[in-house]
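For reference, the structure is listed below as C-alpha cells.
What you see is a predicted model, and the numbers here were worked out from it, not measured in a lab.
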Amino acid sequence: IEEKDEDFSFRLPAQPTVVRIDPDVELLARIQFTPARQALTAQIQLEDDVIGRLLAAKELGQKKDADAVASLKDALWDDPFYAVSMEAVQSLAAMDRDDAWDVLRHAGRHPDARVRREVARALNRDYSRETLALLKNLAEQDNNPGVRSVLIRALGKYPSESIAEDLLRWMRVDSYHNEVTAAAIAAMETTADAQFVEPLRQFLKHHAERFQSNQLGAALVTLATLNRGVEDRAATLELALAYVEDPRSRVRNGAIRALGALGDPRARGPLSAIAQAEGDAGAQAARSALDALEKTAPVATPSALRQETM
C-alpha cells in the first residue's frame, strides 16, 4: 500500500454468501462497509458471529422494506443474544413502517426483560390510540419494574383524561427502588395537568420515606412545575421549603429547583439567602433557581407580599 486511497480486487470462484471485513475486530479503525442485501440476510443468521449479526441488524434498518422487516422480526424473537434482539427493535422503529410497528406491538411480551424495555422505548416514538391501549395493558401486566417504568413514562404524552386514573394508581404501587412510582410522577409532569397537584402533594407529604434521594428531589420539582399555573401555591411552597435544609444533597437541590419552578415570588427571600451563603453547596442551584423564578414570577411589591402572607 503506497497511496492514501487504493483499490483492490480479488477473483473468487463464486459469489460469496457473506462478506465480513475484519470479522475478529482486530483493527483499530472505523470501517464503513454495507454488504449486499442477500449478504445481510445471511449474515444476520450466522450462529458463530455475534458481531456480524449486530451489524446486520443495524444495516437492515436502512432497507425499509418487507423483507428487511421479516429478517429483523426473526432476529428479535429468535436470536440467542439479547443485544441483537435489541438492535433489531431499534432498526424496526427507525423504519417507521406499519408492518414494522405491528412487529413491535407484538414484541411487548418478549421473554427477555432487556428486550421488552427496548420495545417500550421504541413504542414511545409512536402516537396512536392503538399504542396508548397497548402501553396501558403492558404496564399493567409486566412484572419487571424497570420495564413498567419505561412504559408508564411513555404514557405522559397522551391526554391526561385517558391516563389520569392509571397514573394515580401507579403512583401508589410498591416496587423495587420505587421505580413505578417515580415513572408515574414523571408522566404526570409531561401531561402538564394541574389535577395531579393535590394528590401528588399529599403522597409526598405522607410517603416521602419510600423515595430515593434523586426521586424525591425530582418529585418536588414535578409538583412545583404542575402547581406553577395555579393561583394557590402556598402548600407547595411550604413543602419545598421544608426540604431546603435536608442533609441529602439531591433532595436539597431538588427542593431549591422546585422553588424556582414554582414561580412564587415568596421564594425569592429563601433562595437569595442560600445563593449568597459562603461555601454553601446549594448556592449554584439557588442562583439557577432565582434565574428561573425571574422568568416566571412577577416582582411583588411589599404590600402585595403582606397580602399574600396574611
Side-chain angles (χ1 to χ4, degrees), residues 89 104-227 235-236 239-240 242-243 246 248 250-251 254-255 257-258 261:
V89 169
L104 291 172
R105 291 189 187 104
H106 285 86
R109 291 178 175 80
H110 194 282
D112 193 305
R114 293 164 294 192
V115 178
R116 294 202 306 277
R117 186 163 183 161
E118 196 63 38
V119 171
R121 292 193 185 102
L123 290 173
N124 190 26
R125 299 171 60 173
D126 184 41
Y127 187 90
S128 65
R129 289 183 180 180
E130 184 180 2
T131 299
L132 167 61
L134 177 62
L135 289 170
K136 291 173 69 171
N137 184 263
L138 292 174
E140 201 68 60
Q141 296 184 10
D142 204 297
N143 59 9
N144 185 293
V147 178
R148 292 185 77 186
S149 67
V150 178
L151 292 163
I152 291 169
R153 287 172 189 268
L155 286 165
K157 64 179 179 289
Y158 288 94
S160 56
E161 59 266 21
S162 62
I163 57 172
E165 286 187 20
D166 300 296
L167 294 182
L168 290 171
R169 178 163 43 82
W170 287 324
M171 179 180 70
R172 298 179 174 88
V173 167
D174 285 321
S175 63
Y176 180 68
H177 285 173
N178 205 40
E179 287 189 71
V180 173
T181 295
I185 293 172
M188 290 177 188
E189 182 171 354
T190 305
T191 68
D193 193 330
Q195 70 168 301
F196 296 114
V197 168
E198 188 56 28
L200 175 55
R201 183 166 53 226
Q202 291 301 321
F203 190 79
L204 292 175
K205 186 175 180 180
H206 297 290
H207 301 284
E209 73 286 349
R210 286 177 46 175
F211 290 78
Q212 297 186 28
S213 298
N214 62 320
Q215 293 173 343
L216 182 54
L220 289 169
V221 175
T222 294
L223 175 62
T225 302
L226 292 172
N227 202 170
T236 296
L239 183 62
Y243 285 102
D246 195 282
R248 297 165 293 180
R250 290 184 176 181
V251 175
R257 287 166 49 218

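- Here the CG-CG distance, from L151 to L123, works out to 7.5 Å after rounding to the nearest 0.5 Å.
- For the pair L167 and A184, the tightest heavy-atom approach, listed with the atom from each and the gap, is O-CB, 3.6 Å.
- Side-chain N or O atoms of S162 include one that pairs as donor or acceptor with a backbone N or O of P159 at under 3.5 Å.
- Looking only at atom types and distance, the side chain of Q141 has a donor-acceptor partner in the side chain of R109 under 3.5 Å away.
- In this structure Y243 satisfies the ring pair (Phe, Tyr, Trp, His ring centres under 6.0 Å) test with no other residue, sequence neighbours excluded.
- For the side chain to side chain contact (heavy atoms under 4.5 Å, CB included) test, residues two or more places apart in sequence or in another chain that qualify with V115 are L76, Y82, S85, M86, V89, H110, D112, V119.
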Worked verdict on N124 versus V150 for side-chain contact (heavy atoms from CB on, under 4.5 Å): CA-CA 9 Å; N124 190 26; V150 178; over 6 Å; no
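- Among residues two or more places apart in sequence or in another chain, the ring pair (Phe, Tyr, Trp, His ring centres under 6.0 Å) test is passed with H106 by none.
- Across L135 and A154, no two heavy atoms sit closer than the pair CD1-CB, 4.1 Å.
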task: Mind running side-chain contact (heavy atoms from CB on, under 4.5 Å) on V251 and F211 for me, showing each step along the way?
output: CA-CA 10 Å; V251 175; F211 290 78; over 6 Å; no
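- The closest side-chain heavy-atom distance from E179 to R148 is not below 4.5 Å.
- Here the shortest heavy-atom pairing between Y127 and K157 reads CE1-O, 3.6 Å.
- Here the CD-OG1 distance, from E161 to T191, works out to 10.0 Å after rounding to the nearest 0.5 Å.
- Looking only at distances, no side-chain donor or acceptor of E140 sits under 3.5 Å from a matching main-chain atom of D166.
- Residue A224 comes nearest to A258 through the heavy atom pair CB-O, 3.2 Å, listed as atom of the first residue, atom of the second, then distance.
- The number of heavy-atom neighbours closer than 6.0 Å to CZ of R250, taken from other residues, nucleotides and ligands shown, is 12 or below.
- Here the closest heavy-atom approach between residue M171 and residue F203 is recorded as O-CZ, 3.3 Å.
- Side-chain contact check for R116 versus L138: every heavy-atom pair is 4.5 Å or farther apart.
- Contact check for M188 versus P199: no side-chain heavy atoms found under the 4.5 Å cut-off.
- Ionic pairing of K136 and E165 is not present here: no N-O contact between side-chain nitrogen and carboxylate oxygen is shorter than 4.0 angstrom.
- Contact record, E189 with L226: CA-CD2, 4.1 Å, taken as the closest heavy-atom pair.
- Rounded to the nearest 0.5 Å, atoms OH (Y158) and CD1 (I163) are 9.5 Å apart.
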field: Derivation and outcome, side chain to side chain donor-acceptor pair (under 3.5 Å), residues R210 and T181
entry: CA-CA 9 Å; R210 286 177 46 175; T181 295; 3.1 Å; yes
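- Side-chain contact between S160 and Q195: present, with at least one pair of heavy atoms (C-beta onward) separated by less than 4.5 Å.
- Proximity of a side-chain donor or acceptor of R125 to a complementary backbone N or O of R121 within less than 3.5 Å is not detected.
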field: Worked check of side-chain contact (heavy atoms from CB on, under 4.5 Å) between R201 and T236
entry: CA-CA 7 Å; R201 183 166 53 226; T236 296; 2.7 Å; yes
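- For the atom pair H177 NE2 and N214 CG, the distance stands at 10.5 Å (nearest 0.5 Å).
- Using a 4.5 Å cut-off on side-chain heavy atoms (C-beta onward), L132 and L155 make contact.
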